[in-house]
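Protein chains get the first letters and strands the later ones, always in sequence-line order, with residue 1 at the start of each. Note that the structure is a prediction, hence the values are computed from the model and not measured.
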Amino acid sequence: MKETIIQLLDDAVATLKQRGELPADANPAIKVDPARDKAHGDYATNLALVLAKPAGLKPRELADKLVAALPASDAVRQVEIAGPGFINFFAATDAIAGVVSAILDAGDTFGRSLKGAGEKVQVEFVSANPTGPLHVGHGRGAAIGDCLSRLLEATGFDVTSEFYYNDAGAQIDNLMRSVKARVHGFTPEDAEWPEDGYRGDYIADVATAYLAGETVTADDREVTAAADPEDEAAIRAFAVAYLRREQDLDLKAFEVEFDVYFLESSLYAEGRVEETVEQLIANGHTYEADGALWLRTTAFGDDKDRVMRKSDGSYTYFVPDVAYHHNKWQRGFTRVIDEQGADHHSTVTRVRAGLQALEVGIPQGWPDYVLHQMVLVTRSGVEVKLSKRAGSYVTLRDLIDEVGRDATRYFLAARRADSQLTFDIDLARSQTNDNPVYYIQYAHARVCSVVRKAERDGQAFDHATAMANLERLDAEQEKALMNRLARYPDTVERAAEAREPHQIAQYLIDLASDFHTCYNAQKVMVDDAGLRNARLALGLAARQVISNGLALLGVSAPEEM
RNA sequence: GCGCCUAUAGCUCAACCGGAUAGAGCAACGGCCUUCUAAGCCGUAGGUUGCAGGUUCGAGUCCUGCUGGGCGCGCCA
């Protein structure tokens with residue numbers, strides 16, 4: 001319908017150009033938006049406002065000319081000029097209802113597009129180091145990153161999801177010392193406990209498993225504990241594998257899967273870190289000072305230069321970061337989105353600067369970043385800070401166990417990444433209309449229930465009858481619902497383009513609301529078979545779109561509640 | 001001090017790359033189940049979009065300054 005109106009306007013503009021009433025070089029991107037207010041019809045355009053200046057006319061005068069030049073169309077019932085010069089379109093009912101058959105034909109492909117044209121995109125997210133269970137912040141990253149992956153996949157990109165982790169640095173050394181202390185029977189209260197050691201109970205679990213000689217599998221590697229209390233390399237390898245497996249279980253409980261797990265150590269093993277350093281030196285962007293090797297990142301927009309090689313000879317994390325991103329580029333990812341906590345935002349300029357300094361043709365501003373703000377968890381209005389196992393933070397698993405996967409995913413993805421998020425455990429747990437997850441799922445279950453009743457009553461949905469009666473869906477509530485359904489493909493595209501999963505969550509609330517309104521206003525199971533089937537078709541279309549949208553969020557669509 | 005993010009109804013949040021009278025949900029108040037799931041619907045009330053300027057036909061949205069909040073400012077990651 002929207003495309004039809006754009007076409008009509010396009011013709012009208014061409015006509016006015018021929019007549020010389022519009023300058024020939026006026027080529028506006030014609031924007032047609034769904035009307036906000038139903039008094040404004042179904043769709044509206046600001047075209048006359050945009051073109052008024054180049055045309056040298058008052059907006060309303062130009063709107064008059066545009067409307068007069070519109071080709072006739074069965075799809076449009078009425079056209080009005082309103083306000084400062086908006087052109088409002090009232091669509092014919094059957095033109096609006098066309099979306100219902102389109103949805104039923106497309107099924108779970110409705111809303112998908114080929115816009116990405118198979119371009120390779122990588123989404124990197126979570127990327128937690130294997131030093132403990134995932135926390136709520138990782139959960140937010142997982143919800144956003146996973147939904148982004150699904151959105152990009154749905155819009156025709158070739159998506160790779162990737163999890164990067166540091167398996168060898170100073171933090172891992174700390175992990176090893178912590179586990180070793182536990183292996184020797186020390187607790188965080190003892191004087192022997194390592195400084196800044198990881199104090200959570202899970203460290204004791206790792207130590208126990210290590211001493212028991214357990215075997216763990218993670219990232220396609222198998223590690224068997226040596227059980228030797230003094231073998232630091234063995235403790236390190238086992239602890240990393242153990243905690244990676246723990247995180248995999250967290251992710252599995254959250255239904256998030258990654259295509260690739262990328263180890264920082266592989267960058268060293270394959271010589272990529274050395275290569276990167278040599279390249280940067282060769283390009284003349286480095287200098288020695290205070291016994292360290294520096295990169296002149298200020299030449300690429302950073303506010304200060306950065307150390308690459310410390311005076312002790314080891315590299316800062318920044319160097320493998322650059323090497324890693326160079327590797328992404330070499331793998332053919334013309335688009336990369338890094339989803340991270342905003343507490344890491346200082347790496348953005350730094351990594352981009354390092355990549356520019358490599359001078360290998362990577363565009364400025366590559367890669368993209370989606371940074372999410374902090375998550376605050378509350379229960380009974382009070383901040384929750386600790387978990388039993390992790391000690392110092394709320395784990396993702398705690399949340400999933402307590403409020404369920406669907407609600408956790410929804411709440412963590414439903415808000416703009418930019419906004420600080422308060423995760424209200426009481427609200428997420430509530431099985432009432434306070435809870436948007438249930439509100440949306442309930443709409444889906446309600447349609448299923450009606451369909452079941454239709455079948456029970458021997459009045460199962462008849463597609464042909466429904467299609468022949470779609471124009472009878474002319475109640476205000478039905479038209480509002482159909483217009484909402486028609487917006488779904490645009491919503492998916494916009495959400496993907498803006499990298500904003502929360503738009504899907506928001507859309508689904510609006511859709512569910514329109515559906516519930518309709519459901520209460522118009523009884524589906526009426527005697528009139530034509531009307532009944534048309535309404536069933538509308539319900540099925542709504543169910544389909546709810547299901548498609550929830551799938552993008554990774555939230556289930558139950559048939560009964 | 002500098003950088004990034006942010007400020008919208010009592011609360012939690014939207015507002016479609018600048019559009020018409022800023023919208024939902026919760027909380028408050030009043031209605032709706034002998035009819036398909038009341039986990040629902042309808043209605044009432046609730047706002048100087050932090051403050052002050054600017055840009056323009058038009059600003060919650062863009063620009064500048066100020067104020068409050070969050071995060072960051074390591075030869076940590």
Side-chain angles (χ1 to χ4, degrees), chain A residues 31 33-37 39-40 44-46 49-50 52-53 58-59 82-86 88 127 129 131 166 169-171 174 196 264 289-294 303-304 306-312 314-318 320-321 341-349 371-374 376 414-422 424 427 430-439 441-443 445-454 456-457 477 487 490-491 494-495 497-498 502-503 505-507 509-510 512-513 515-526 532 535-536 539 560-561:
Chain A
K31 205 175 134 204
D33 289 321
R36 278 191 191 170
D37 187 332
H40 299 151
T45 184
N46 62 354
L49 295 166
V50 175
K53 191 165 278 180
K58 287 180 183 169
F86 291 99
N88 295 333
S127 294
N129 286 335
T131 55
N166 175 348
Q171 290 181 58
N174 187 7
D196 298 325
E264 186 188 26
D290 306 323
L293 180 68
W294 297 69
D303 56 355
K304 60 173 91 163
R306 304 293 166 177
V307 170
M308 297 169 62
R309 191 170 55 222
K310 300 181 249 180
S311 48
D312 70 1
S314 65
Y315 295 110
T316 57
Y317 72 95
F318 154 69
D321 259 12
D343 53 339
H344 287 96
H345 77 254
S346 62
T347 65
V348 174
T349 313
L371 304 176
H372 64 260
Q373 298 290 329
M374 301 295 101
L376 175 75
R415 305 236 167 82
R416 277 164 57 230
D418 274 341
S419 70
Q420 292 166 48
L421 175 79
T422 301
D424 183 338
L427 177 61
S430 73
Q431 303 207 350
T432 69
N433 50 359
D434 311 4
N435 192 330
V437 187
Y438 288 95
Y439 183 78
Q441 291 181 323
Y442 185 51
R446 266 184 150 176
V447 178
C448 294
S449 175
V450 176
V451 170
R452 281 194 301 270
K453 178 174 170 53
R456 260 199 321 275
D457 295 351
Q477 300 92 338
R487 296 174 62 167
D490 270 358
T491 304
R494 249 201 336 268
E497 214 164 283
H502 80 274
Q503 291 192 25
Q506 190 65 36
Y507 170 84
I509 290 181
D510 293 337
S513 170
F515 169 78
H516 286 307
T517 295
C518 223
Y519 180 92
N520 278 274
Q522 251 77 38
K523 190 172 157 77
V524 175
M525 295 305 294
V526 292
R532 183 178 68 236
R535 286 180 177 166
L536 271 171
E560 284 181 87
M561 290 175 72

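Counting non-hydrogen atoms under 4.0 angstrom, A:A498 reaches nothing in the nucleic acid. Across all strands shown, A:N88 has heavy atoms under 4.0 Å from base atoms, whether or not it also approaches the sugar-phosphate. At a threshold of 4.0 angstrom between heavy atoms, the contacts of A:D510 with the nucleic acid are absent. Contacts of A:A292 with the nucleic acid, taken as non-hydrogen atoms under 4.0 Å apart, include base atoms. If you check every strand for non-hydrogen atoms under 4.0 Å, A:S449 touches a base.
Of the candidates B:rU37, B:rU35, B:rG74, the closest approach to any side-chain atom of A:Y442 belongs to B:rU37.
The P atoms of B:rG46 and B:rU64 are separated by 36 Å, rounded to the nearest whole Å. Spacing between B:rA14 and B:rU61 at atom C1', rounded to whole Å, works out to 13 Å. One C1' atom belongs to B:rA24, the other to B:rC71, and the distance between them is 29 Å to the nearest Å.
Contact record, A:A82 with A:N88: CB-ND2, 3.6 Å, taken as the closest heavy-atom pair.
One can find a donor-acceptor pair under 3.5 Å joining the base of B:rA77 and the side-chain atoms of A:H344.
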## Note on the structure
RNA chain B in dot-bracket form (Watson-Crick or G-U pairs under 3.5 Å, [ ] crossing, | inter-strand) is (((((((..((((.....[...)))).(((((.......))))).....(((((..]....))))))))))))....
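B:rG74 atom C1' lies 14 Å from atom CZ of A:F318, rounded to whole Å. Between the P atom of B:rC76 and the CD atom of A:E264 lies a distance of 13 Å, rounded to the nearest Å.
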So which protein nitrogen or oxygen atoms get under 3.5 Å of nucleotides 57-63 of chain B's nitrogens or oxygens?
unit_1: B:rC57; atom_1: OP1; unit_2: A:K53; atom_2: NZ; d: 2.7

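In this structure, the side chain of A:S513 does not engage the main chain of A:I509 through any donor-acceptor pair within 3.5 Å.
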